[in-house]
Amino acid sequence: MAKTVEDFNKRRLRSSNITVVISIALVLFLLGLMGLILINAQKYSDYIKEQLVVNAYFDENYDIKDSVKIAKTEAETFKKIQALAPVKKATYISREMAAEEARKSMGIETSALFEENIFPSSVEVALKPEFVDPAKIDEAIKQIKATPGITDVKNNSTLMVEVYNNLTNIMKWILGFSLLFLLLAVVLINNSIRLKIFSKRFIIKTMQLVGAKRRFILKPFIKEAIILGVIGAVIGLAVLFGAWYYFITQIGTPFAQDNDQLVILVVSIFLLGIFITVFSTIFATWRFLRSNVDDLYYS
């Protein structure tokens, strides 16, 4: 009979541990998924911002006799623009390249009907994502326009502001959902741990009544919590990256290429799973350590 009761308790303990591990793995999987979405959302937000270019034009008055001098001046100006703080990338567009682009856009195949020097050379500037901010874009344009050799700067500031505001709103929503998932992670893991500790409340109180110190009682529970947290985190991360790899192979798009951000995400999820598990264990165990014997029957 005693063996039957002991086997039953062991099965119940294993079942409780499996439930806690599955809960931790599932919650950390969802939290990690939101982290990957957030990383890639930020990455593509910056990519879209970098596509919003500013065009800086050189003097359109061109004399073929001064072509060497003009080319040298434009090269120096181009280097100065590249060195500006707001500039992410700069592309020099010569008069010939501008004329060729114009022919393509107009559908003109021959160059006989098209003069190459009617368009001024220019620099196509992609700003750093942080300078697409409406509060900073005017200052960035002023710096480009103040560069010696530049006579005019054109950009669609209205479009830039609209895109920036839309991307900012999207990022706020994603960040909000991430924080919500973090809160749910804490609540769900905490509830699973509390149920596990609740089943051992009489053992905890018995150890305390025979003279065991609170630190001594907490120690095995904390060790077990760390082990369960590690196992849950490993399973959750394995499922997460397995599902993510399958997803990107199906759509053929390489997401999240920043290895540093991936490492930070993995370490954060791993440590978060252990921290929440240990914290919930200490909190739940401490509750029964402070309770009276009679309270154990009504908790």
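Separating the CG atom in Leu127 from the NZ atom in Lys89 is a distance of 13.5 Å, to the nearest 0.5 Å. The distance from atom NZ of Lys79 to atom OG1 of Thr147, rounded to the nearest 0.5 Å, is 15.0 Å. Interatomic distance, OG1 of Thr277 versus CD1 of Ile24, reported as 3.5 Å (0.5 Å rounding). To the nearest 0.5 Å, atom CD of residue Glu224 and atom OG1 of residue Thr281 are 8.0 Å apart. Atom CD1 of Ile226 sits about 9.0 Å away from atom NZ of Lys223, to the nearest 0.5 Å. With rounding to the nearest 0.5 angstrom, the CG atom of Leu228 is 12.0 Å from the OG atom of Ser280.
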Discussion item. Evaluate Val234 against Phe270 for side chain to side chain contact (heavy atoms under 4.5 Å, CB included), listing each step before the verdict.
Written reply: CA-CA 7 Å; Val234 169; Phe270 197 83; 3.9 Å; yes

Worksheet item: Is there a side chain to side chain contact (heavy atoms under 4.5 Å, CB included) between Phe58 and Ile70 once you walk through the steps?
Response: CA-CA 10 Å; Phe58 293 100; Ile70 291 174; over 6 Å; no

Worksheet item: Going through the checks in order, is the side chain to side chain contact (heavy atoms under 4.5 Å, CB included) test met by Leu36 and Leu262?
Response: CA-CA 8 Å; Leu36 283 175; Leu262 284 178; 3.7 Å; yes

Practice prompt. Check the pair Val266, Leu240 against side chain to side chain contact (heavy atoms under 4.5 Å, CB included), reporting the backbone distance first and the verdict last.
Written response: CA-CA 10 Å; Val266 170; Leu240 171 66; over 6 Å; no

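Residue Ile222 is not grouped with residue Phe279 when hydrophobic side chains (ILVMFWY) are merged at heavy-atom distances under 4.5 angstrom, including chains of intermediate members. Residue Ile235 is grouped with residue Leu28 when hydrophobic side chains (ILVMFWY) are merged at heavy-atom distances under 4.5 angstrom, including chains of intermediate members. Cluster membership for Tyr92 and Ile144, using ILVMFWY side-chain heavy atoms within less than 4.5 angstrom, is shared. Tyr57 and Ile150 are assigned to two separate hydrophobic clusters, defined by single-linkage of ILVMFWY side chains at heavy-atom distances under 4.5 Å. Residue Leu30 is grouped with residue Trp173 when hydrophobic side chains (ILVMFWY) are merged at heavy-atom distances under 4.5 angstrom, including chains of intermediate members.
Across every non-hydrogen atom of Ala90 and Val123, the tightest pair is CB-CG1, 3.9 Å. Looking at every heavy atom in both residues, Ile282 comes nearest to Leu218 through CA-CD2, 4.3 Å. What you find for Pro86 and Gln143 is that their closest heavy atoms are CD-OE1, 3.5 Å. Annotation for Lys88 and Lys128: closest pair CB-N, 3.7 Å, computed over non-hydrogen atoms.
With sequence neighbours excluded, the residues forming a side-chain contact (heavy atoms from CB on, under 4.5 Å) with Ile93 are Met97, Ala98, Ser122, Glu124, listed by chain and number. Partners of Leu272 according to the side-chain contact (heavy atoms from CB on, under 4.5 Å) rule, which considers only residues two or more places apart in sequence or in another chain, are Leu31, Leu182, Ile276.
With a 4.5 Å cut-off on side-chain heavy atoms, Glu74 and Phe78 do not count as touching.
Judged by distance alone, the side chain of Thr77 and the main-chain N or O of Pro148 form a donor-acceptor pair under 3.5 Å.
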